[in-house]
Amino acid sequence: LSGIPSKKVKLVASIHGEATFITLNSNAYQYKFGRDNPNSNIIQQLNDNGVKLYVCSQATSSRNINNGDLNINVIPALSGIAVLSNLLQGFTLMPN
């Protein structure tokens with residue numbers, strides 16, 4: 001709406017804590033919760049539109065989630081805070 005070309009906008013999400021379970025692939029989610037992952041479609045849509053989704057490996061480790069259990073569109077990161085510190089170089093985080 002502000003006239004910035006979409007090619008110039010880079011969106012990134014860092015997922016951690018209890019939200020970590022949304023990043024499970026279909027098989028892992030089915031095994032844990034007994035149903036399909038309701039987040040798979042939105043994760044695919046975000047990926048298709050260039051949004052990078054990172055998940056905190058400390059959060060996955062503490063919840064016994066292996067990288068093989070993750071949706072293929074989710075990128076494991078050392079930590080959720082590392083995503084912010086690595087990607088915010090030259091930018092400022094503006095909390096709500």
Side-chain angles (χ1 to χ4, degrees):
L1 293 173
S2 65
I4 299 172
S6 60
K7 290 188 280 186
K8 298 268 185 181
V9 177
K10 305 291 185 219
L11 296 177
V12 172
S14 178
I15 303 164
H16 56 91
E18 289 304 309
T20 302
F21 291 113
I22 71 170
T23 65
L24 293 174
N25 65 33
S26 296
N27 291 338
Y29 199 94
Q30 180 73 35
Y31 181 78
K32 176 148 184 71
F33 297 105
R35 60 187 170 113
D36 291 336
N37 187 340
N39 306 290
S40 296
N41 187 39
I42 189 69
I43 289 172
Q44 184 64 52
Q45 289 179 40
L46 289 167
N47 183 69
D48 290 347
N49 286 285
V51 178
K52 299 290 184 197
L53 300 175
Y54 292 89
V55 65
C56 175
S57 290
Q58 293 177 43
T60 57
S61 178
S62 69
R63 288 160 181 80
N64 297 314
I65 299 171
N66 298 314
N67 285 351
D69 295 332
L70 297 176
N71 182 300
I72 61 168
N73 296 309
V74 176
I75 305 162
L78 178 61
S79 72
I81 220 57
V83 171
L84 295 177
S85 65
N86 288 332
L87 296 176
L88 287 178
Q89 296 175 19
F91 296 90
T92 301
L93 178 63
M94 298 181 70
N96 295 347

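Since the structure is predicted, the reported quantities are computational estimates derived from the model, not experimental observations.
One hydrophobic cluster, built from ILVMFWY side chains closer than 4.5 Å, holds both I22 and F33. With hydrophobic clusters built from ILVMFWY side chains whose heavy atoms lie under 4.5 angstrom apart, L53 shares a cluster with L11. Under the 4.5 Å side-chain contact rule for hydrophobic residues, V51 and I42 share a cluster.
Remark: N64 engages no residue in a side chain to side chain donor-acceptor pair (under 3.5 Å) (not counting sequence neighbours). By the side chain to side chain donor-acceptor pair (under 3.5 Å) test, N41 pairs with Q45, sequence neighbours left out. Residues forming a side chain to side chain contact (heavy atoms under 4.5 Å, CB included) with N67 (at least two apart in sequence, or on another chain): L70, P76. Residues satisfying the side chain to side chain contact (heavy atoms under 4.5 Å, CB included) criterion with S40, sequence neighbours excluded, are S26, N37, N71. The side chain to side chain contact (heavy atoms under 4.5 Å, CB included) check on T20 picks up T23, V55, A59, T60, R63, I65, with sequence neighbours excluded. Contacts of N47 classified as side chain to side chain contact (heavy atoms under 4.5 Å, CB included), with partners at least two apart in sequence or in another chain: Q44, N73.
The one candidate from L78, V12, I15 that meets the side-chain contact (heavy atoms from CB on, under 4.5 Å) condition with Y54 is V12.
K10 places a side-chain N or O within donor-acceptor distance of the main-chain N or O of K7, the cut-off being under 3.5 Å. Of the possible polar contacts, one joining the S57 side chain to the A77 backbone as a donor-acceptor pair under 3.5 Å is found. The backbone N or O of N27 sits less than 3.5 Å from a side-chain atom of N25, completing a donor-acceptor pair.
Residue I43 holds its CD1 atom at 12.0 Å from CG of D48, rounded to the nearest 0.5 Å. Distance check, rounded to the nearest 0.5 Å: OH of Y29 to CG of N39 gives 6.0 Å.
Side chains of D36 and Q30 form a contact here, defined as non-hydrogen atoms less than 4.5 Å apart.
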